[in-house]
Enquirer: 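Quick one: the structure is below, questions incoming.
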Protein chains: 2
Amino acid sequence: MPALDFPEEVKVLVAHLKRLPGVGPKSAERIAVWLLAQDGGFSAGLADSVRAAAEGVRACPDCGFFASASRGCQLCADPARERSTLCVVEQPTDVLPLERTGAFKGGYLCLGGKIAPLENIGPEDLRIGALVARLGGGEVSEVILGVGSDVEGEATANYLAELLAVRFPEVAVSRLAQGLPAGGGLDNADELTLFRALDGRRRMGG
Amino acid sequence: MPALDFPEEVKVLVAHLKRLPGVGPKSAERIAVWLLAQDGGFSAGLADSVRAAAEGVRACPDCGFFASASRGCQLCADPARERSTLCVVEQPTDVLPLERTGAFKGGYLCLGGKIAPLENIGPEDLRIGALVARLGGGEVSEVILGVGSDVEGEATANYLAELLAVRFPEVAVSRLAQGLPAGGGLDNADELTLFRALDGRRRMGG
């Protein structure tokens, strides 16, 4: 009798689940147990949704947003978007939060990540060719770097700012403001946030 | 033009992913982005593994361990297991860690959870009927309660100990020891762990 083990199907399922980002070996087992405790309909739906997304959705080669294989990229297809401003974000999932503000009507370009030497992600892994191609079109006069305020976001913003200053000196490059988040008191803000809030202070009235 | 949104396939995928235990809305989006950045082979493999596990694996009605639809329950089929001792655990995933100790040769019964009033899980949601049926067979002389040492594990152990004392007074019921984990200094142990380690101290030598 071999040593007791999970059935092959469970081992294969756990092996797949633990490769997902943020899912470790323990979480993968917990998810597998949970899935097997549901009625089969949920697993079938999950399997179908994974397959349908993989087959029906790709990154838009121009802007990096999700593009439906059948209906194309909703972002690039929208004639109402201002072509003069371009917001550069890390991931396609960063686009909707910015859209919800209603404060930006321009285009987006999703880099597909950020420069992270520790994870072996360099500029060549990002969608920088598409960014250069877009700016080369000559319609964009302002680029907003909508990357995060962590170390990797910082590195990515600095890299892009230098690159754009050399290649497209006529294009204005800005970055999202850093400072106190809405609703936060000073006692909740960390030192770096306060430093940046002070550094970026804006003159009022007068 | 409707408001910008993810393609339908991505929305359906995220909706499924965020129902998984330990996966919130943000993680679901991160996993979806990650999946779409892989080549299609991984998503196909994941989808297949989810479907194969849901279709090919069920909980063994006798012991609650994973049973392959084609090959049955490896645990119940093993003639070498001692029928006199039974270890009651919460989940099928608790079985392999106990097996790896090599210190237990008896049978297992997986409850399928633990009593958790805050999550609306009562004794009637656990595999207690199967436990009673197994003990009713008369072969088991010792039950080890292999449940966790959290509040819900505590409640489950107490509930089962009382139930078994009434229904099967001839069966010895024990619980896994609680105390210092291996390799831990006293300075790393919390108060409750130390209390239980003191309480369960074992006489040496002599």
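Letters A, B, ... mirror the listed sequences (proteins, then strands); counts begin at 1. Note that the structure is predicted; figures quoted are calculated from it, not measured.
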Enquirer: For B:Leu13, is it the side chain, the backbone, both or neither that has a heavy atom under 4.5 Å from a heavy atom of chain A?
Expert: both

Enquirer: What part of B:Phe65 lies closer than 4.5 angstrom to a heavy atom of chain A: side chain, backbone, both or neither?
Expert: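 Only the side chain of B:Phe65 comes within 4.5 Å of chain A.
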
Enquirer: Nearest heavy-atom pair of A:Val132 and A:Phe168: which atoms, and what distance?
Expert: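 Distance-wise, the nearest heavy atoms are O-CZ, 3.6 Å.
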
Enquirer: May I ask you to decide whether A:Arg175 forms a salt bridge with A:Glu154, counting only side-chain N to carboxylate O separations under 4.0 Å?
Expert: yes

Enquirer: Specify whether B:Phe42 and B:Trp34 have parallel, tilted or perpendicular ring planes, treating 30° as the upper limit for parallel and 60° as the lower limit for perpendicular.
Expert: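 Answer is perpendicular, since the angle exceeds 60°.
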
Enquirer: Could you tell me whether a side-chain N or O of B:Ser174 sits under 3.5 Å from a main-chain N or O of B:Ile144, the two making a donor and an acceptor?
Expert: no

Enquirer: Where the side chain of A:Asp94 meets the backbone of A:Gln91, is there a donor-acceptor pair that is under 3.5 Å apart?
Expert: yes

Enquirer: For B:Arg19, is it the side chain, the backbone, both or neither that has a heavy atom under 4.5 Å from a heavy atom of chain A?
Expert: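 Both parts, backbone and side chain.
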
Enquirer: Chain B heavy atoms under 4.5 Å from A:Glu29: which part of the residue, side chain, backbone, both or neither?
Expert: both

Enquirer: Heavy-atom pairs under 4.5 Å with chain B are the metric here; pick the option from A:Pro21, A:Gly112, A:Ser43, A:Pro7 that has the most.
Expert: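 Of A:Pro21, A:Gly112, A:Ser43, A:Pro7, A:Pro21 has the most heavy-atom pairs under 4.5 Å with chain B.
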
Enquirer: Could you give me the CA-CA distance, side-chain angles and deciding distance for B:Ile121 and B:Glu152, then say whether side chain to side chain contact (heavy atoms under 4.5 Å, CB included) is met?
Expert: CA-CA 10 Å; B:Ile121 303 175; B:Glu152 294 87 2; over 6 Å; no

Enquirer: Mark yes or no for whether B:Asp125, through its side chain, and B:Gly122, through its backbone, hold a donor-acceptor pair below 3.5 Å.
Expert: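 Side chain of B:Asp125 to backbone of B:Gly122, a donor-acceptor pair under 3.5 Å: yes, one is there.
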
Enquirer: Using a heavy-atom cutoff of under 4.5 Å, enumerate the residues of residues 44-59 of chain A that contact chain B, numbered in order, or state 'none'.
Expert: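 A:Ala44, A:Gly45, A:Leu46, A:Ala47, A:Asp48, A:Ser49, A:Val50, A:Arg51, A:Ala52, A:Ala53, A:Ala54, A:Gly56, A:Val57 fall under the 4.5 Å cut-off.
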
Enquirer: Salt-bridge test for B:Glu139 and B:Arg81: reply yes if a basic N is under 4.0 Å from a carboxylate O, no otherwise.
Expert: no

Enquirer: Given that the side chain runs from C-beta out, which part of A:Ile31 has a heavy atom under 4.5 Å from chain B: side chain, backbone, both or neither?
Expert: both

Enquirer: Any idea how B:Phe66 and A:Phe6 line up, ring-wise: parallel (<30°), tilted (30 to 60°), or perpendicular (>60°)?
Expert: perpendicular

Enquirer: Out of A:Leu126, A:Val140, A:Val88, which residue meets the side-chain contact (heavy atoms from CB on, under 4.5 Å) rule with A:Leu131?
Expert: A:Val88

Enquirer: Which atoms of B:Val95 come close to chain A, meaning under 4.5 Å heavy atom to heavy atom: side chain ones, backbone ones, both, or neither?
Expert: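 Side chain only.
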
Enquirer: Taking side chain as everything from C-beta outward and backbone as N, CA, C, O, which of these in A:Ser27 sits under 4.5 Å from a heavy atom of chain B? Side chain, backbone, both or neither.
Expert: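 Neither the backbone nor the side chain of A:Ser27 comes within 4.5 Å of chain B.
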
